[in-house]
Each structure stands twice: as C-alpha cells, then as structure tokens.
Amino acid sequence: MSAAPEKAAYEPVFTGDRLKELEAIMARYPTKRAALLPALWMVQQARGWISEEAMVEVAEILDLTPAYVKGVVTFYTMYHQHPVGKHFIQVCTTTPCNLCGAEDVLAAFLKHTGCEELGATSPDGKYTVVEVECLGACGFATAVLIGDDFLENVTAEKVPEILKRYQ
Ligand code: FES
C-alpha cells in the first residue's frame with residue numbers, strides 16, 4: 001500500500017515586510033485583536049483567499065482562537081474561504097438593479113467568462129462571478145464590482161467589452 005501524498009507545507013503569510021506592516025497596524029490599537037480585519041484583508045491580498053491554515057496563523061499572531069477568527073471570516077462576505085478567479089465579479093441583483101436588467105447582466109457575465117455557475121471559477125482561472133445585495137449605487141443600475149473597480153450602468157450588451165479590460 002502506498003503512502004498518501006504529503007500535504008504541501010504551509011507558507012506563512014506574515015514574514016518580512018508584511019509582518020512589519022501588520023505590527024505597525026497593531027501598534028495603532030490598544031489591543032492586538034483590534035487588527036483582525038486588516039490582518040485578514042492582508043492575507044486575502046497576498047493569497048487571494050483565506051485558508052484554514054492562514055486563520056490559524058492570524059489567530060496565533062493576534063492571541064485569538066482559530067474558531068474566533070473563522071467566525072469573523074465566515075461572517076463577512078468580502079472574505080473568500082476558497083480560491084477565486086483573478087477577477088472577482090460581483091453583480092448587484094437587488095430590486096432596483098433587477099428592474100433594470102441585472103439578471104441579464106449576470107447571465108452575460110456567466111456566459112462570457114465561461115463560469116458555469118454562480119460562485120464557480122472559470123476553467124482558465126480568470127473569473128469568479130457572484131450575485132450580491134445592493135452595492136449602494138441604485139441610481140446607476142446595474143451596479144457591478146470587479147475586484148476594487150466599481151462599474152455603473154452596466155448592461156448585458158456592455159459585458160463583452162468590459163471583460164476585455166479584465167484579462
Ligand atoms: S440595488 Fe443595485 S446598487 Fe442598489
């Protein structure tokens with residue numbers, strides 16, 4: 001019987017300059033734990049998502065339990081708990097956007113990215129498309145977030161052109 005393949009060793013996120021940056025953030029607060037949200041954001045910026053191992057690493061640095069960190073990660077939808085595409089596309093489908101064709105915009109993003117379903121990543125690893133609640137731009141429906149870019153007045157027809165900017 002052959003041995004199961006060994007899991008790749010976890011590479012810590014917080015080393016070198018990134019650790020110094022986190023220490024500088026922690027120094028701004030009266031307690032270490034107050035730096036939890038920025039620490040998690042730094043993990044996501046570095047790795048694209050937040051793994052269980054990264055949660056343990058953050059917990060150790062901030063003197064928290066891994067369960068507490070996981071509770072925070074799972075509470076906020078902005079934290080990814082699994083790998084996502086290079087471009088994370090969030091389409092608002094709440095009522096005002098919905099009335100202006102958000103469902104068609106969503107369908108166009110799924111079709112033109114090759115994502116087979118909501119939340120799935122395209123086979124080329126470039127895109128993940130999700131639907132979200134109101135993005136706070138109801139007067140400019142349909143509102144879409146691609147990474148940190150906020151797009152307004154998106155229609156299904158504009159989607160292929162938009163995607164050319166996100167390759
Ligand atoms: S309903 Fe879409 S941005 Fe508010």
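Whatever order the structure lists them in is the order used to number ligands and atoms, beginning at 1.
- When atom types are taken as modelled, the side chain of H112 and the backbone of V159 share no donor-acceptor pair closer than 3.5 angstrom.
- A salt bridge is defined here as a Lys NZ or Arg NE, NH1 or NH2 lying under 4.0 Å from an Asp or Glu carboxylate O, and E161 with K164 meets this definition.
- In terms of modelled atom types and a separation under 3.5 Å, the side chain of Q44 and the main chain of H80 share a donor-acceptor contact.
- Contacts between C92 and ligand 1 below 4.0 angstrom, taking non-hydrogen atoms only, involve the side chain exclusively.
- Side-chain atoms of K158 come within 3.5 Å of backbone atoms of N153 as a donor-acceptor pair (strictly under, hydrogens ignored).
- Summarising the contacts of atom 3 (S) of ligand 1 with A141, A137, G139, the nearest heavy atom is found in A137.
- When each atom of ligand 1 is checked for a heavy atom of C97 under 4.0 Å away, the hits are 1 (S), 2 (Fe), 3 (S).
- Under a 4.0 Å criterion applied to the non-hydrogen atoms of C134, ligand 1 contributes the atoms 1 (S), 3 (S), 4 (Fe).
- The side chain to side chain donor-acceptor pair (under 3.5 Å) test with E103 singles out one residue from N98, T142, T93, and that residue is N98.
- Contact annotation: C138 places no N, O or S atom under 2.8 Å from atom 2 (Fe) of ligand 1.
- Looking at T128 and T121, their side chains do bring a donor and an acceptor atom within 3.5 Å of each other.
- In this structure, G136 is part of the shell of residues with a heavy atom less than 4.0 angstrom from ligand 1.
- Taking a cut-off of under 4.0 Å to the non-hydrogen atoms of P96, the atoms of ligand 1 that pass are 1 (S).
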